[in-house]
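Down below is the structure, laid out as structure tokens.
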Amino acid sequence: MALTPSGQDVGSIPELEVRNLLKRFTARSVVGPLSFAVFAGEFVSLLGPSGCGKTTTLRCIAGFETPTEGSILLTGRPIEGEPPNRRNVGLVFQNYALFPHLSIFENVAFGLRLRRVGDAELRRRVGRVLELVGLPDLAQRYPGQLSGGQQQRIAIARCIVLEPRILLLDEPLSNLDLKLRLSMRRELRELQRRLGKTAVYVTHDQGEALALSDRIVVMSNGRIEQIGSPQEIYERPANAFVADFIGSSNLLDAVVVGVESDATIIRTDRGLTLRANSTAHAASDRVVAMVRPERIRLAEAGPTPADGENRLAARIKEATYLGQDLHLSLGIDSGEELAAVTQGSAAPRLAVGRPVMIAVDAADIFLLRK
Amino acid sequence: MSADAQAPRAYWAIFVLPLAVYLLAFLVAPFVNIIVLSFHTYSPTRIWTHELTLANYADLIDASFAMVLLRTLRLGLVCTAICVLFGYPLAYFLARAERRVALIGLFFLIMPLMVSAVIRTFGWLVLLGRNGLVNNVISSFGLDRLPLLYNETAVVIGLTNVFVPFMVLPLMASIERISPALEEAARNLGASWFATFRRVILPLSLPGLISGCLLVYSAAISALVVPMLMGGARVRVIGRQIYDQLLISYQWPNASAIATLLVFATTCFAFLVLARLRHSARQEPRA
């Protein structure tokens, strides 16, 4: 039986499926066509720079944008023709969108009252979700009296009290300060796991996407660049865009000059020859070589390099001390410049201008299609 | 308190002073004069004497005056209601429209205010008269001509036309401040279009709606030119009553009493509504 990375049976019907979704705003501004599926209990992020179409996609799912083409299926049932109030998908807004004229209790009870839930059950359910988000004492307050983090939790409570099929979150943490963002991130993930709720999360913050998601859909210019688990996206980016967008990386334009049984030899445009563990390319292919800064090691000026290791002579051009880490900018003799990260404690030995020997394993050089 | 905190207060007075002096000299002083006059005795030869009396107010307890008063208040209510009916959808549309469309809409909205009341009213006479455009169209279909002038309907048509902007402008300002995300949140939580309006848009636009109603109502019950020209002799309103007493009968004390009553009633009404509004604003603090 085939399983998705998060352990779902591929044969089962996805909780949410977006099929060839296309939204055309103007002739030049088009989102899609894009397709992806979200399985029950999964936390999937739509990640990309602003204007990449991630929010449009979310708004199509919620029903606030009408797709030009394609369909959106909720457990196999097409919903793209239904008005937003009939879809039963919960949306958490970036600015929370709490009703300022209603108390916290009435904000959370809003959807229940529309569904004509009886008074006793309404009180019980509102009480329970306020408990769940850890704010049982604020029921009588008004949104204007709450902090950003508290408003965020109420916005989530207001959605989950209705037990929606899926939870859509539109950059819900972006208005919070850094410290709160980190703790809310952890809390959000914990809550989603506890409820077993399927979630689609829109963000431009790669750290958030990596920390929260089971799978990430990386988007740019209205298209999907890659879908995969955080590890896959980070360690095996599908192309130069993903490599550049997720984490920091050194990207070098190069051409394949030799193909061996277990490795490819490339030469960068500035003439640096490197060995990469890849067999997917033929001679004279144009490629982009990617190396993560933390994979560049400072080698002991020793005798012979280890097997499959690239050794390069470099000079420290810049060193930024950040406490735990030391960020280095290394000038290679061929003229390339590489970013590297090492431990902050190494700072005294690594003054600007010092010559160093660096080592990069052939396994840490990825060759990407241009 | 520090000198820094005091400084803005001094500036504040400079900004407000010119208008305050102007209002004091040309609004408050004459109005105090009217109130004082309303307690003096009428004299056919000298207009008024120094003898103090309550007779001018006692005269107002009178069936024909009560009719005029009721008619005026009724016209005000009908006119306000129609302005809400026409004005609310327009205000909503303009508040949510893109800037360029909103500006064009606003221009057309306030255009009636750029034409003098007399000219505008004569325009209506041409349209609504017995041989006017509207009746000519009606009769060309073989139907009876309608009495569209010199009745309350005519006055309501004339007043609504001028006062719709007074309803739309404050409402629009109020609706503009309601984030569209709130509407989407309501829809997402299961509210139909109507439920969204009733539970979110309407309560949040209440301050604008109330200001609009106050403006239209107080302007409608004190109107003079439109009721006079379009309502004729049959549709006598308070404004007309004051005008006649003042300029035709020279009953200055009596006219003053009516004016005082009208201002007093309008002010009380406005205070009640605004106090209620402040009360609810305290209950619902905003971020």
Side-chain angles (χ1 to χ4, degrees), chain A residues 55 58-59 61-65 82-104 106-117 140-148 150-151 154-155 157-164 166-170 175, chain B residues 88 91-93 95-101 170-213 273-287:
Chain A
T55 295
L58 199 76
R59 290 174 61 80
I61 299 169
F64 297 126
E65 300 281 359
E82 287 186 11
N85 51 324
R86 300 265 174 77
R87 295 198 177 190
N88 201 23
V89 295
L91 177 56
V92 176
F93 291 81
Q94 182 171 10
N95 56 4
Y96 325 130
L98 296 180
F99 304 120
H101 62 300
L102 298 178
S103 68
I104 295 308
E106 286 303 326
N107 261 281
V108 178
F110 192 88
L112 296 173
R113 290 210 189 279
L114 290 167
R115 286 163 178 74
R116 311 209 181 285
V117 172
Q140 298 317 313
R141 301 271 190 90
Y142 282 85
Q145 299 169 305
L146 268 55
S147 71
Q150 288 171 330
Q151 290 191 44
I154 297 304
R158 188 175 65 172
C159 273
I160 60 180
V161 75
L162 299 173
E163 289 162 13
I166 52 171
L167 203 53
L168 308 175
L169 302 115
D170 186 7
N175 284 350
Chain B
Y88 204 110
Y92 183 83
F93 169 77
R96 291 287 187 250
E98 56 175 297
R99 183 152 280 298
R100 200 169 45 89
V101 176
L171 253 180
M172 194 180 142
S174 210
I175 296 171
E176 265 177 344
R177 296 211 337 247
I178 306 172
S179 159
L182 292 182
E183 286 174 50
E184 291 182 347
R187 299 279 282 154
N188 182 258
L189 294 168
S192 63
W193 185 90
F194 180 72
T196 304
F197 171 74
R198 197 170 69 82
R199 287 167 184 267
V200 178
I201 307 295
L202 185 60
L204 287 174
S205 64
L206 214 54
L209 184 63
I210 289 174
S211 319
C213 285
V273 171
L274 291 177
R276 155 103 187 70
L277 199 65
R278 230 197 350 255
H279 176 70
S280 62
R282 228 196 331 267
Q283 270 190 340
E284 297 148 14
R286 295 178 137 237

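The model shown is predicted, which means the values in this text are computed figures rather than measured ones. Order of the sequence lines fixes the chain letters, A, B, ..., with proteins taken first and strands second; residue numbering starts at 1 for each chain.
The choice from Ala62(A), Pro83(A), Gly90(A) that makes the most heavy-atom pairs within less than 4.5 Å of chain B is Gly90(A). Heavy-atom pairs under 4.5 Å with chain B peak, among Phe110(A), Phe64(A), Tyr96(A), at Phe64(A). With chain A as partner, the option from Glu183(B), Arg187(B), Glu184(B) having the largest number of non-hydrogen pairs under 4.5 angstrom is Glu184(B). Among Arg158(A), Arg113(A), Arg141(A), the residue with the largest count of heavy-atom pairs under 4.5 Å with chain B is Arg158(A).
Contact annotation for Ala185(B): both backbone and side-chain heavy atoms come within less than 4.5 Å of a heavy atom of chain A. Asn88(A) does not touch chain B: none of its heavy atoms, backbone or side chain, sits under 4.5 Å away. The part of Leu98(A) that comes within reach of chain B is its backbone (N, CA, C, O), which places non-hydrogen atoms under 4.5 angstrom from that chain. The part of Phe93(A) that comes within reach of chain B is its side chain, from C-beta onward, which places non-hydrogen atoms under 4.5 angstrom from that chain. Looking at Ser179(B), only its side chain comes within 4.5 Å of chain A, counting heavy atoms on both sides.
Taking every heavy atom of both residues into account, Asn188(B) and Val89(A) meet most closely at ND2-O, 2.7 Å. Nearest approach of Leu189(B) to Leu162(A), heavy atoms of both residues: CD2-CD1, 3.6 Å. Scanning both residues, Ala191(B) and Asn85(A), for their nearest heavy atoms gives O-CB, 3.2 Å.
With a 4.5 Å cut-off on side-chain heavy atoms, Pro203(B) and Leu102(A) do not count as touching. Residues Arg199(B) and Leu114(A) have side chains in contact (heavy-atom distance under 4.5 Å, counting atoms from C-beta outward).
For Arg86(A), the CZ atom sits in a loose shell: 12 or fewer heavy atoms of surrounding residues, nucleotides or ligands are nearer than 6.0 Å.
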